[in-house]
Amino acid sequence: MMKTLLPALAHAIVLDKKCMAYHALSLEGIKSQLQSLSTEVADAYNVIPNLEGPAFFASSLAMIPGTPIPPMLARITNGLSESLKLFNGRAFTCEYKYDGQRAQIHKLTDGSVRIFSRQMKESTTRFPDLVNMIKELCSPEVSSFILDAEVVGIDRKKGNKLMSFQELSSRERGNKQSSIAIENIKVDICVFVFDIMFCNGQRLLDCPLRKRRKYIHDLFQEKPGYFELAQQLTVSVTMLKTKEFYSGERILPKKPVYYKTDEQPELWFTAQQVWEIRGADLTLSPVHHAAIGLVHPSRGISVRMPRYTRSVPDRNSEDCSTATDIATMFKAQTRKMEVSSEGQE
DNA sequence: ATCGGGGCTTC
DNA sequence: CTCGGAG
DNA sequence: CTCCGAGGAAGCCCCGAT
């Protein structure tokens with residue numbers, strides 16, 4: 001109840017001590033003073049949720065690695081349209097919601113690493129493997145930090161397949177005194193880091209997410225299946241409308257037989273929208289099948305560095321570029337060195 | 001030595 | 001985690 | 001709208017009964 005009790009206590013103390021010249025203020029003035037007092041203690045609690053000791057009352061508040069901070073929590077919306085409204089047309093970042101367990105990872109100035117749960121309880125003894133990963137993958141110049149991450153169960157024998165929350169929770173717990181034994185861990189974990197709140201004595205919460213992401217990227221070495229940055233995507237409104245459009249019955253249960261590709265995407269859609277794509281070049285591809293057989297017997301043509309430009313509503317799917325069109329475009333472009341060197345195969 | 005339930009923690 | 005009441 | 005408590009599923013931990 002810290003968000004209720006703390007402001008109340010602060011009000012009581014200040015009013016009792018008559019620290020401010022309240023008699024000189026209007027009622028509205030007093031209210032506004034108390035309001036800002038509430039904000040101040042709430043801010044302090046968000047950095048030092050531990051009311052013992054002098055740190056909480058220090059004038060310059062700083063996080064202290066080893067003392068967990070209240071986690072930033074998600075808020076539920078009614079759906080995409082409501083989220084969209086909140087961002088009011090601006091691009092925003094989406095992040096994959098991993099189904100695991102929240103972990104606030106601290107590295108202390110003495111070199112030790114400690115893990116805290118969403119409820120700010122210490123869970124270091126449950127994750128000795130995570131502690132080792134951090135020590136291994138953190139740049140030596142980083143003396144202290146606080147990271148926000150999701151720990152997910154992972155099956156390394158099945159191509160790093162992520163496991164369900166239930167499987168992760170079947171992992172041993174350990175207790176305050178003793179860590180679980182690293183040798184007979186039955187559920188491996190991968191850590192997906194999505195934020196860094198503090199690093200080398202510096203509070204980072206006030207700098208943009210983009211920048212915090214870059215800090216993580218620069219200060220840690222990623223290791224697939226062990227320590228990864230959370231997957232994210234910055235989305236424009238055009239893309240979102242496309243995300244809404246391709247839903248429901250427009251998602252197909254399986255690949256239609258007349259779709260000629262070896263690609264194995266997660267979803268298949270009906271062909272009903274024509275998109276304009278801009279690219280740097282057309283290249284011969286061992287993977288993609290567009291215009292296969294027209295410029296090379298076994299290779300198709302792909303777009304190098306493709307970017308979505310716009311959808312073309314006045315064309316239906318039968319009116320998009322054909323294999324012949326693509327072959328013609330490929331032959332017309334000036335840079336086509338692969339053709340001459342590999343065309344003889 | 002083994003089992004089961006209450007306690008605790010996660011989501 | 002979700003839900004709903006209090007303010 | 002924010003805060004907070006109630007309540008639920010699932011799993012490990014621990015301790016007392018057998």
Side-chain angles (χ1 to χ4, degrees), chain A residues 1-12 15 27-28 30-32 34-51 56 67-88 94-106 113-131 133 146-155 161-195 205 230-231:
Chain A
M1 297 179 292
M2 282 306 176
K3 287 181 176 167
T4 303
L5 285 183
L6 216 47
L9 285 170
H11 291 182
L15 288 172
L27 185 60
E28 286 309 305
I30 293 172
K31 276 185 183 170
S32 109
L34 293 181
Q35 180 59 48
S36 59
L37 192 58
S38 298
T39 309
E40 282 173 40
V41 287
D43 286 348
Y45 180 74
N46 280 331
V47 172
I48 313 278
N50 172 0
L51 304 187
F56 184 78
T67 300
I69 60 177
M72 195 90 103
L73 299 177
R75 268 187 313 184
I76 296 173
T77 66
N78 285 333
L80 213 45
S81 54
E82 190 188 325
S83 306
L84 207 52
K85 222 180 220 172
L86 288 173
F87 290 102
N88 193 25
C94 297
E95 209 158 70
Y96 193 91
K97 189 181 183 304
Y98 296 91
D99 188 19
Q101 185 178 328
R102 189 84 172 254
Q104 198 177 97
I105 307 169
H106 291 227
V113 171
R114 294 171 65 186
I115 319 290
F116 298 90
S117 73
R118 180 194 138 129
Q119 283 76 13
M120 296 191 280
K121 308 215 178 275
E122 177 151 16
S123 55
T124 311
T125 58
R126 191 177 188 212
F127 298 111
D129 45 352
L130 168 51
V131 170
M133 281 178 214
I146 302 177
L147 289 180
D148 216 348
E150 187 82 2
V151 174
V152 187
I154 193 169
D155 192 337
K161 187 178 156 40
L162 296 185
M163 297 158 83
S164 67
F165 169 75
Q166 268 73 19
E167 288 172 285
L168 172 67
S169 68
S170 73
R171 185 185 169 106
E172 282 182 284
R173 301 283 162 85
N175 61 39
K176 210 160 214 172
Q177 287 80 31
S178 61
S179 176
I180 67 169
I182 206 163
E183 315 81 57
N184 47 29
I185 282 177
K186 289 176 191 68
V187 179
D188 284 323
I189 51 165
C190 182
V191 187
F192 293 92
V193 182
F194 53 83
D195 209 350
L205 281 185
Q231 203 171 307

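Naming convention: chains lettered A, B, ... in sequence-line order (proteins, then strands); numbering from 1 in each chain.
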In whole angstroms, the gap separating P of D:dG11 from CD of A:E172 amounts to 16 Å
Any side-chain heavy atom of A:L168 within less than 4.5 Å of one from A:V152? no
With the side chain of A:I76 defined as its heavy atoms from C-beta on, choose the nearest nucleotide among C:dT2, B:dT10, B:dT9. C:dT2
For DNA chain D, whose closest nucleotide is more 5', that of A:E167 or that of A:T4? A:T4
Atom-pair distance (CZ on A:R173; P on B:dG7), nearest Å: 17 Å
Determine the interplanar angle of the A:F192 and A:Y98 rings, folded into 0 to 90°, and report it as parallel if under 30°, tilted if 30 to 60°, perpendicular if over 60°. parallel
What's the NZ-P distance between A:K97 and C:dT2, to the nearest Å? 8 Å
In the structure I gave you, are the side-chain heavy atoms of A:R171 and A:I180 within less than 4.5 Å of one another anywhere? yes
Ignoring backbone atoms, test whether A:R75 places a side-chain nitrogen or oxygen under 4.0 Å from the OP1 or OP2 oxygen of D:dT2. yes
Protein-nucleotide distance (A:K3, atom NZ; D:dG5, atom P), rounded to Å: 12 Å
Side-chain N or O of A:Q119 versus OP1/OP2 of B:dT10: is the shortest distance under 4.0 Å? yes
Do any N or O atoms from the side chain of A:Q104 and from the backbone of A:F116 form a donor-acceptor pair under 3.5 angstrom? no
Report the distance from atom NZ of A:K186 to atom P of D:dG11, rounded to the nearest whole Å. 16 Å
N or O in side chain of A:S117 less than 4.0 angstrom from B:dT10 OP1/OP2: yes
Output the rounded distance in Å from CG (A:N175) to P (B:dG7). 19 Å
A:Q166 side-chain N/O to B:dC11 phosphate OP1/OP2 under 4.0 Å: no
Under a 3.5 Å distance rule, please check whether A:T125 uses its side chain to pair with a backbone N or O of A:S179 as donor and acceptor. no
Value in whole Å for how far the P atom of D:dT2 lies from CD of A:Q35: 13 Å
Please report, rounded to the nearest Å, how far the P atom of B:dT9 is from the CG atom of A:L168. 17 Å
